[in-house]
Amino acid sequence: MFEPFFTTKDEGKGTGLGLAICLRIVQQHHGTLEVESRLGDGTTVRITLPVRPDTNVAALSGGGGL
């Protein structure tokens with residue numbers, strides 16, 4: 001699913017670059033991209049990115065959100 005041009009869509013309905021590009025961007029930012037899929041339940045895509053060392057984590061957890 002992370003291979004460029006892999007798609008399950010009908011011909012002419014998409015290039016299949018979405019997840020390949022997403023994975024590359026996440027990896028360039030030293031993060032991870034995980035996919036969990038269960039037949040009949042759907043699919044979850046989880047992206048985890050590291051916090052920059054100079055980030056004030058206490059200020060972020062004050063309810064302001066990202």
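Values reported hereafter were calculated over all heavy atoms of this structure, with side chains retained and with hydrogens, waters and symmetry mates removed. Since the model is a prediction, treat every value here as computed from it, not as a measurement.
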Any salt bridge (charged side-chain N to carboxylate O under 4.0 Å, His left out) involving residues 18-28? Give me the pairs, sequence neighbours left out, ordered by first then second residue. none

For His29, check side-chain contact (heavy atoms from CB on, under 4.5 Å) against everything at least two apart and list the hits. Ile25, Leu49

According to side-chain hydrogen bond (donor to acceptor under 3.5 Å, both in side chains), who are the partners of Glu36, at least two apart in sequence or on a separate chain? Arg38

Checking Arg52 now: which residues fulfil side-chain hydrogen bond (donor to acceptor under 3.5 Å, both in side chains) with it, not counting sequence neighbours? Asp54

Residues which pass side-chain hydrogen bond (donor to acceptor under 3.5 Å, both in side chains) with Thr48, listed by chain and number, not counting sequence neighbours: none

Just jot down the salt bridge (Lys or Arg N to Asp or Glu O under 4.0 Å) partners of Asp41, sequence neighbours excluded, or say none. none

From Leu33 atom CG to Leu23 atom CG, the distance as rounded to the nearest 0.5 Å: 6.0 Å

What residues form a side-chain hydrogen bond (donor to acceptor under 3.5 Å, both in side chains) with Thr44, not counting sequence neighbours? none

